[in-house]
Amino acid sequence: MVPFDFTYHRPSSIEEAVRLFERLHKQGKTPLYYGGGTEIITLSRLNLAFADAVIDIKHIPECCVLRIEQNELTLGAALSLTSIEEANPFPLLTKTASEVADRTARNQITLGGNVCGQIFYRETVLPLLLADCHVVIAGKDGLKQRSIHEVFQQRMRLEHGEFLVQVKIDLSYVSLPHAHTKRRKQGKVGYPLVTVAAIKKDERLHVAFSGVCPFPFRSKTVEEQLNARHLPIETRISRALQYLPKPILNDTEGSVEYRLFVLMNALSDILIPLEEG
Amino acid sequence: MIKCEILLTVNEESHSIIARQADTLLFVLRNQLGLTGAKPGCLNGDCGACTVLVDKTPIKSCMMLAIEAAEKPITTIEGLCDTPIQRAFIEQFAFQCGYCTPGFLINAYALTKQHPDADDETIQEWLESNICRCTSYQEIEQAVKSVLAKKHEND
Ligand SMILES: Cc1cc2nc3c(=O)[nH]c(=O)nc-3n(C[C@@H](O)[C@H](O)[C@H](O)COP(=O)(O)OP(=O)(O)OC[C@H]3O[C@@H](n4cnc5c(N)ncnc54)[C@H](O)[C@@H]3O)c2cc1C
Ligand code: FES
Ligand code: FES
């Protein structure tokens, strides 16, 4: 039960959504773009999210696109995770998405909502960071396309009133050798203790993480250490761990020490076969 | 309060209700339509006790607004009548207290319809969306498998 009232809006175009946001804001309201709504509804029950207007983007055609054209895969931000898994245009994204929440929840959770959400795991961003994808963002000045690395630093850095419309992935990335592992405190459903995703491109490993810090990340310095191939892999992994961004999570899921221990094993489990393969 | 008229089609019956735009589908089904089969459990997307079908797809109704489901076909446990999966739950003793049963039945019903050839991995992936505090998991899995096996016998 949502403990406050909001108005629900269902625009059918990008322009209408942006105009609505501006208008509602000028009226002194706090609008939120609405994807699957799973986070907005569950966090508002706990008074951790608030909106007095929600703008549902699931009826905007550009946000529901799943298309391969001219060597590029385009995924709309309002696609549910299960619809992406079923179409399977990018196997590493399928693998990552299929380990988020549970299947019924993923019928609702959208790609955009997971990447832009407040809850900091945002696991589906990992393959997007590894594939150096581009994001299409709508705002009051129209559409812009940016590299994900420019816009996603720990979280999506969107300007007031902007929303994510699509992600665009160069097709040369989607079939690269890849690996993914998600380690939970217990069970097979739920948030990670650590998640690691990796691809191998031109003999170099690209590696991204969730659950290690209170944000997902891909780090140049960590990758440099992991790719220093004149050293044994165990040495590279222990060096890479020294360059992780801070802080390392220390919570009921696991202490810093335990997380680093699990991460070290997760890295050697997935990187050794990927490097040798 | 921001209320409006919402048209819902539940179990093939049309309803016009006046509800808050922020009301969840679960709240409206139970409190406005008196359909108390979908259960409030965690209200947090974790347990699946509130599962219903929207457009034939299992949805946790505690995490969907009623207004989002307007004009889409909704099926609740009250809309399933003597289906093979319901019979299989009885035959296999797939419940104890029964609180999770409507959510499991709806999910398992959709699974058997959408994946008549479901393998063990698919069955596990779907059933993991629901929690049974009485731990009837093995019997629930057997019930699903018995329906899938009968489908094949009849093919
Ligand atoms: C039971 C459960 C378990 C979960 N487990 C995991 C897990 O293990 N790993 C994981 O990564 N996630 C997990 N999640 C997902 C969770 O972290 C997010 O709540 C969910 O991904 C939000 O998706 P949504 O489409 O419902 O977003 P919404 O609730 O619609 O939106 C979430 C936020 O993103 C904003 N937003 C939505 N779409 C856009 C857009 N296109 N552009 C800009 N802003 C936008 C909204 O304004 C809001 O602030 C889980 C969720 C549940 C319910
Ligand atoms: S009550 Fe909806 S998932 Fe638990
Ligand atoms: S039968 Fe009691 S919770 Fe499942």
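All values derive from a computational prediction rather than experimental measurement.
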Side-chain donor-acceptor pair under 3.5 Å between [X] and [Y], yes or no?
| X | Y | value |
| --- | --- | --- |
| Asn107(A) | Thr82(A) | yes |
| Ser136(B) | Gln96(B) | yes |
| Thr38(A) | Gln108(A) | no |
| Glu123(A) | Ser210(A) | no |

Among [options], single out the residue with the greatest number of heavy-atom pairs under 4.5 Å to chain B.
| options | result |
| --- | --- |
| His59(A), Arg45(A), Glu39(A) | Arg45(A) |
| Val189(A), Val2(A), Thr104(A) | Thr104(A) |
| Val54(A), Leu43(A), Thr42(A) | Thr42(A) |

Apply side-chain contact (heavy atoms from CB on, under 4.5 Å) to Ile106(B) and Thr76(B), showing your working. CA-CA 7 Å; Ile106(B) 286 282; Thr76(B) 68; 5.5 Å; no
Top residue by heavy-atom pair count (under 4.5 Å) with chain A, among Gln21(B), Met64(B), Glu128(B)?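 Heavy-atom pairs under 4.5 Å are most numerous for Gln21(B).
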For the interface with chain A, which of Leu127(B), Thr24(B), Asp23(B), Leu43(B) has the highest count of heavy-atom pairs at distances below 4.5 Å?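 Of Leu127(B), Thr24(B), Asp23(B), Leu43(B), Leu43(B) has the most heavy-atom pairs under 4.5 Å with chain A.
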Where on [X] is there a heavy atom nearer than 4.5 Å to chain A: the side chain, the backbone, both, or neither?
| X | value |
| --- | --- |
| Cys42(B) | backbone |
| Leu26(B) | neither |
| Glu68(B) | both |
| Asn44(B) | both |

Can you tell which part of Asp56(A) gets under 4.5 Å to a heavy atom of chain B, answering side chain, backbone, both or neither?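 Side chain only.
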Heavy-atom proximity to chain B below 4.5 Å, by part of Phe4(A):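 The answer is the backbone of Phe4(A).
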Can you tell me how far the CD atom of Glu125(B) sits from the CD atom of Glu99(A), to the nearest 0.5 Å?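 Interatomic distance, Glu125(B) CD to Glu99(A) CD, rounded to 0.5 Å: 9.5 Å.
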Does Asn130(B) use its side chain to pair, donor to acceptor, with the backbone of Gly48(B) at less than 3.5 Å?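 Yes; at least one donor-acceptor contact below 3.5 Å.
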Centroid separation under 6.0 Å, is that true for the rings of His160(A) and Phe21(A)?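 When the ring centroids of Phe21(A) and His160(A) are compared, they turn out to be within the sub-6.0 Å range.
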